[in-house]
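Written out below as structure tokens is the structure these notes cover.
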Protein chains: 2
Amino acid sequence: MTQENQSTGNVTIVDVAREAGVSYSTVSRVVNNFKYVKPDTRERVEAAMDRLGYVANLKARSLAGGRSQVVGMLLYELDTSYHVEIVRGVDAEITNSEYDLMLSTTHKRRRKESAYVTQLTQGMVDGFLFVLPRYLEAYTEDLDRQQVPYVLIDHPGIDGIKSNTITATNWQGAYDATQYLIDLGHSRIGFITGTIEVASAQERLAGYQSAIRDNGFFVDPELICKGDFLEDSGYEAAKKFLSLAEPPTAIFASSDVSAFGAIRAIDEAGYLVPQDISVVGFDDVPESSYIRPRLTTVRQPLREMGQLATRMVLARIEDPTLPVEQVELPTVLIIRDTCQSPVDSKFMRAV
Amino acid sequence: MTQENQSTGNVTIVDVAREAGVSYSTVSRVVNNFKYVKPDTRERVEAAMDRLGYVANLKARSLAGGRSQVVGMLLYELDTSYHVEIVRGVDAEITNSEYDLMLSTTHKRRRKESAYVTQLTQGMVDGFLFVLPRYLEAYTEDLDRQQVPYVLIDHPGIDGIKSNTITATNWQGAYDATQYLIDLGHSRIGFITGTIEVASAQERLAGYQSAIRDNGFFVDPELICKGDFLEDSGYEAAKKFLSLAEPPTAIFASSDVSAFGAIRAIDEAGYLVPQDISVVGFDDVPESSYIRPRLTTVRQPLREMGQLATRMVLARIEDPTLPVEQVELPTVLIIRDTCQSPVDSKFMRAV
DNA sequence: ACTTTTTGTGCAAACGCTTGCAGAAATTAT
DNA sequence: ATAATTTCTGCAAGCGTTTGCACAAAAAGT
């Protein structure tokens, strides 16, 4: 706050050293909390740092082999609450630490994704968070070689490579929701998948199918419609279901957002949710409790996933010897207002 | 993709130079698109870079005086859609550029805010985006000295310093909404302020007051309640209005989120929106059209503000001589379902 | 043909820090 | 008292770039 260095306007380690009457390596040592520094010296240096308002230059620090104090986060986009919720969790945790967050979205650009990763691992971040990465294979190798700790969020990792992962019980969540619908009396339940290349989408589909079969029903391919987690695909899928000779009395969408789309289609067709068709989503994004009727859905603890993932990278940055960890968080069925027994449904055929 | 450097595992400029048979400065020059490089040489170097999979080390690059290719973004939090929407705008624009985004939230920690800024300006970012900064005075000086371009989003800047800013027509927006309510027949309109230290909150209040007066009404202090843009403050404010001897027939909240809180209070008290009380918000965050009844609100183009702000910093990073610019974007009243004439309101007293 | 200017390239010195090595000082063991 | 440790501090060599300076080569003036 008081004096300034003349050249760049920044106080460097050298200025502090001069002020404290020690060598610059000693300053570096107190900054890095090195063991062998005389308490007395340490104090003098700290006083000098305070007096000059010293702030470490991260570029230099990490160039020289230290930490950059930033963790990178790569996600597909920021448009849906799904991603935002995870970011919120990450932010909450990062904020409590000495680290900063470097956020990057890939959108559709496959090439940029891997270029970005090398860019960052080589130059910018101490650790990485990947949310539902699409082309993981393209850079895991790099990541491993660089020894940059990373954790995958909502992605089980790829075969042959043990990665730190944090996922939710997708299969169980889908199973539970389907069972709930069956218990309510539904037997024809339409399912809208997520982006089917994604593991969680596959697991949800499998959970749905298992529940159907376990209850002695038949998995009707007509009732499974491909989607991509987004609203439009939910809308289209629901329209298709509605045009069936015998439409389902319930629809289970692989994401809340696609459930919103489905509800819109049902609404436009002049039917009622949940009277004619029950709807269940997956995720429990904030909007789900804003819309009317409020969406019944399988809650995935997105924030917690973000927080936990952050804690995991941070821990591994501090101590790279920590073992690989794969955490699976439980989902829970949140019952709200979009489901009911199909007895009064226009689509319920007499038994 | 083919070969790798032995020591760190990273391909450096020196490796490329060796491979291409030129000096490393020449490589640097082609990387930086320097003018005086023989086309032939440039080609050889580029080929070598491709062959070795060279990726510039940003730390080194910026340490040595170049760009770090990252812009910092500082915001209070990520919990409300207000902030997220702006981030989305920023992201959309950043994604189209060669830059990355470093995101940081300050939450309540005043001290960290300015420490963070120096940290980053000294070491990490080429430009800065501030969303509704709280303690701007603490670092504008630093910013100016460091010559780091920055733009303030939803903040008019501080006296005596010309900053790049991007704001919305807060006064006019509030005026329009109030006028709309008056045109509907309301005369007792409760107003819930935002965090009153913030300029936009003051402007909205002023807009409201002007409209009241311009219509020949009296600004009743009883009908102005302090808030902080957040849900709880809206809830409390509405409760207070409801407990008045003569409650207002309409409430205008300085943010959508506080409007949500107000609606919750009205709901809990057993009254109906908009039959008994009309409600208007400000911002038009996505949730506003999800809730039922859908919120009538003053739309602030948050995404556009983020995008535009990003374009502004980016331009100033590339060309620091660009003049300071202060952009004000228009708000627009979005009429949805939370307002109606007060004739049937329980709170309408006979004239 | 001979300056002058424009291009093109290399060397070396930063940028601000970390860290291995070496030696000095203080502490403990013998 | 002397040797062996442990603690503390400074020096110097990097980390991977950018960039000013010097000089060579090519192009343009005269």
Side-chain angles (χ1 to χ4, degrees), chain A residues 4-18 20-45 48-49 52-69 118-124 126 146, chain B residues 4-18 20-45 48-49 52-69 118-124 126 146:
Chain A
E4 303 298 340
N5 170 301
Q6 48 310 336
S7 54
T8 61
N10 293 336
V11 180
T12 77
I13 212 177
V14 178
D15 301 317
V16 176
R18 194 185 311 117
V22 297
S23 78
Y24 57 84
S25 11
T26 299
V27 177
S28 170
R29 289 191 183 104
V30 349
V31 170
N32 291 289
N33 243 296
F34 199 71
K35 201 172 152 196
Y36 297 138
V37 179
K38 213 191 269 183
D40 175 47
T41 313
R42 183 183 300 273
E43 225 166 86
R44 279 214 323 287
V45 172
M49 298 198 311
L52 302 184
Y54 170 77
V55 180
N57 181 321
L58 292 181
K59 295 178 289 198
R61 192 211 280 262
S62 55
L63 216 212
R67 299 265 131 86
S68 67
Q69 303 288 109
T118 13
Q119 179 79 274
L120 259 52
T121 53
Q122 291 200 186
M124 207 97 272
D126 294 336
Q146 304 269 157
Chain B
E4 304 296 342
N5 172 303
Q6 47 313 333
S7 55
T8 62
N10 293 336
V11 181
T12 77
I13 212 179
V14 178
D15 301 318
V16 177
R18 194 184 313 118
V22 297
S23 78
Y24 57 84
S25 12
T26 299
V27 176
S28 171
R29 290 192 182 102
V30 350
V31 170
N32 290 291
N33 244 298
F34 198 72
K35 203 173 151 196
Y36 297 138
V37 178
K38 210 190 274 183
D40 174 45
T41 313
R42 184 182 298 274
E43 224 167 88
R44 277 213 328 285
V45 172
M49 297 200 310
L52 301 184
Y54 170 78
V55 180
N57 181 322
L58 292 182
K59 296 180 288 200
R61 191 210 283 260
S62 55
L63 215 212
R67 299 264 131 86
S68 67
Q69 303 287 111
T118 11
Q119 180 78 274
L120 259 51
T121 54
Q122 291 201 186
M124 208 99 269
D126 294 335
Q146 304 270 158

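We name chains A, B, ... by the order of the sequence lines, and we start the count at 1 in each one. All of these numbers come straight from a predicted model, not from anything done at the bench.
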Item to check | Protein-nucleotide distance (Q69(B), atom CD; dT17(D), atom P), rounded to Å | outcome: 13 Å
Next on the checklist: When the axes are fitted on five pairs at both termini, how much does the helix from dA1(C)-dT30(D) to dT30(C)-dA1(D) curve, in 10° steps?
Outcome noted: 30°
Next on the checklist: Quick one, I13(B) and V16(B) - any side-chain contact, counting heavy atoms below 4.5 Å?
Outcome noted: no
Item to check | Separation of atom CG in L58(B) from atom C1' in dT18(D), rounded to whole Å | outcome: 14 Å
Next on the checklist: Keeping T41(B) on the side-chain end and V37(B) on the backbone end, is there a donor-acceptor pair under 3.5 Å?
Outcome noted: no
Item to check | Integer-rounded Å distance: dT18(C) P and N57(A) CG | outcome: 10 Å
Item to check | Near-strand residues of residues 26-37 of chain B, defined as heavy-atom separation under 4.0 angstrom from DNA chain D | outcome: S28(B), R29(B), N32(B)
Item to check | Sub-4.5 Å side-chain heavy-atom contact between S68(B) and D126(B) | outcome: yes
Checklist entry - Within the structure, does a side-chain N or O atom of R61(A) lie under 4.0 Å from either OP1 or OP2 of dG16(C)? => result no
Checklist entry - In whole Å, what is the span from the CZ atom of R67(A) to the C1' atom of dT19(C)? => result 14 Å
Next on the checklist: Tell me the interatomic distance from Y24(B), atom OH, to dA12(C), atom P, rounded to whole angstroms.
Outcome noted: 8 Å
Next on the checklist: Side chain of A64(B), heavy atoms from C-beta onward: which of dC15(C), dT9(D), dC15(D) has the nearest atom to it?
Outcome noted: dC15(C)
Next on the checklist: Is the phosphate of dG16(D) approached by T12(B) (side-chain N or O, under 4.0 Å from OP1 or OP2)?
Outcome noted: no
Checklist entry - Roughly, in whole Å, what's the span from CZ in R18(A) to C1' in dG16(C)? => result 14 Å
Next on the checklist: Going by side-chain contact (heavy atoms from CB on, under 4.5 Å), name the residues that satisfy it together with A64(A), two or more places apart in sequence or in a different chain.
Outcome noted: none
Item to check | Note, V31(A) side chain near M49(A) side chain (heavy atom, < 4.5 Å) | outcome: yes
Checklist entry - To the side chain of I13(B), which of dT17(D), dG8(C), dG10(C) is closest? => result dT17(D)
Checklist entry - To the nearest angstrom, how far is K59(A) atom NZ from dC17(C) atom P? => result 11 Å
Checklist entry - Quick one: does S25(A) reach the base of dC11(D) with a side-chain donor-acceptor pair under 3.5 Å? => result yes
